[in-house]
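Report on the structure given below.
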Amino acid sequence: MSKLLEVKDLKVSFNTYNGEVQAVRGVSFDLNKGETLAIVGESGSGKSVTSTTLMGLLPKPHGFVKSGQILFEGEDLVKKSAKEMQEIRGNDIAMVFQDPMSSLNPTMKVGNQIMEGLIKHQNMNRADAKKKATELLELVGIPQPDVRMNQFPHQFSGGMRQRVVIAIALACNPKLLIADEPTTALDVTIQAQILELMKKVQEETNSALIFITHDLGVVANVADRVAVMYAGKVVEVGTVDDIFYNPKHPYTWGLLGSMPTLDSTDEELYAIPGSPPDLLNPPKGDAFAPRNKFALEIDTVMEPPMFKVSDTHYAATWLLHEDAPKIEPPESVKRRMQGFSKMEGEQ
Amino acid sequence: MFRYILRRLFYMLITLFIIATVTFFLMKMLPGSPLSAEDKLSEEQKAIVLEKYGLNDPVPIQYLRYLGGLVKGDLGVSFAFDNTPVTKILMDRMGPSLQLGFQALLIGSFLGIILGLIAAVFRNGAIDYTSTIFAVLGSSIPNFVFAGLLQYVFAVQLNWFPVALWGGFEYSILPTIALMIFPMATAARFIRTEMVEVLNSNFILTARAKGISETGVVFRHGLRNGLIPLITVLGPMAVSMITGSMVIEQIFAIPGIGEQFVTSVTLNDYPTIMGTTLLFAFLFVVIILIIDLLYGLIDPRIRVSGGNN
């Protein structure tokens, strides 16, 4: 498989009145054609900033790429001009946003909102664009697409609006689709439908997908690989199996342990104590150390590098160093890991 | 839609009726009579005149008589202007006032929208601060100050435009500018505030994510949404045209309704005061109706039932 996207040591900062906030502090990952990568992490871990940067939509002038590369089909997006990015956005790379209630223009007909991208990127005339937009509405499962084309967003429910947002993103057959928590703002029943839809359209269009979420249940459902982000860095990356059955980073343990499952009975949920670090003054050493009960002395002094666990699995924790004491995940997390493999076996 | 407009027209009639009633009785409570200024008339002569115009009758009788005329479209005759019918006075005088008002409102809000838009797009820059200062000055300095300034600079010193009076289009330029400062400043302020918010909203991000050019984003997606609150202040702005024109017409000696109104109030010319007030009220309710219809045109969410969706 060939690489569609390679992000190399990306650093993104925001200038604020208080100083420079280092939202993304050296993120690297790659993505193959047609592959789904989930980026997970809690609020403020830099996952949304990473995706906004990929789209070239950082709020100017205070947000900026400090260093690093974003190689999309071998070309560095960081070096592209605003005009060149306009050609790529919506055409090669498209995005589905979190809140469908506010992501559509309330004063423009839904059809026109889908047609815009087609007219801009595919040089379609209005009639062709209209035909294609109607097909797209059909593809994303909106009944009576001809009628719906001429309606305004307020005539759609939240789930239906998210389908429209997905149709807009899919309009030009993007090679890369970025979905930033596309189901977070929706009802649970609708969430499942939207996830199914995203899986279906991804199979049909064969686009690569970056799925940003803090919901590990969703990750297991859609992703091929997972990158766990904490305080602006990727702390663990691996296949879904690596992350769910063999997590190595204590933060990933915490994420897995804090997820309720059906057979978590008497045991309490494993909560990660404290709150994420202030990225205005990032801590020395491992950013997760103050919240980590397995932290070693070296964690407060030196940042751990990425240790290789297997060809697909890497984690940034000193626990993987050959001199580190052998520490097992907490019992509750272990049981959960076994639970996942049991669930998998039953399916 | 049609039924909605009919219903609104009915309410408009009620509004006008109430305004006519209130104005009539307020006017009667004013001290003095139409003949207060006529020193040369003897008491007998005054009595004859009062009798002739029915001003000796009890006020309720006068009121009913006035309403009767109103229904037939008769606003009475002026006491002060050689018995001219009030409708004729208003007709003759309406032209300059309407021209002035519309010019000022249209040009003022158009320039204001552009100014506010530029300020919002380049927010927190030099252009933004300049336009904010201008907007604050424009909405806080009364228009007669501008009027005097304009007359002095452009008419007296530079001699580009006539100082006063009413003739061709060039006579309307200075008063229009003086009158449009307020709507322009108001529009600039509102559009600036609203556009800053709109340009930060999620659907603008969606539009940018489609790869649309920045101009397309601002004009096609931003402006229409940013215009909605401006429509709300169009009403007060239209009122300021009416009240503003009273002052501006005096200063520029323009034979408009505003100037007429001020004169007739000082002369206690009851029928003309009533007629002018009713005309202003009529214009105002029509403007409000137009504004409500505009809302639906710009924002599909508040389109009235029975509309085209």
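These figures come from a predicted structure and were not determined experimentally.
Taking the side chain to side chain contact (heavy atoms under 4.5 Å, CB included) definition, one finds that A/Asn112 meets it with A/Met108, A/Lys109, A/Met115, A/Arg126, sequence neighbours left out. Scanning for ring-ring contact (aromatic ring centres under 6.0 Å, His included) contacts around B/Phe182 gives an empty result, with sequence neighbours left out.
Note: A/Gln86 leads A/Met101, A/Gln98, A/Gln86 in heavy-atom pairs under 4.5 Å with chain B. Contact count against chain B (heavy-atom pairs under 4.5 Å) is highest for A/Gln113 among A/Gln113, A/Met95, A/Glu87. The choice from A/Thr52, A/Asp99, A/Leu104 that makes the most heavy-atom pairs within less than 4.5 Å of chain B is A/Leu104.
Aromatic pair B/Phe280/B/Phe261: ring centres closer than 6.0 Å.
With hydrogens and angles disregarded, a donor-acceptor distance shorter than 3.5 Å links the side chain of A/Glu84 to the backbone of A/Ser81.
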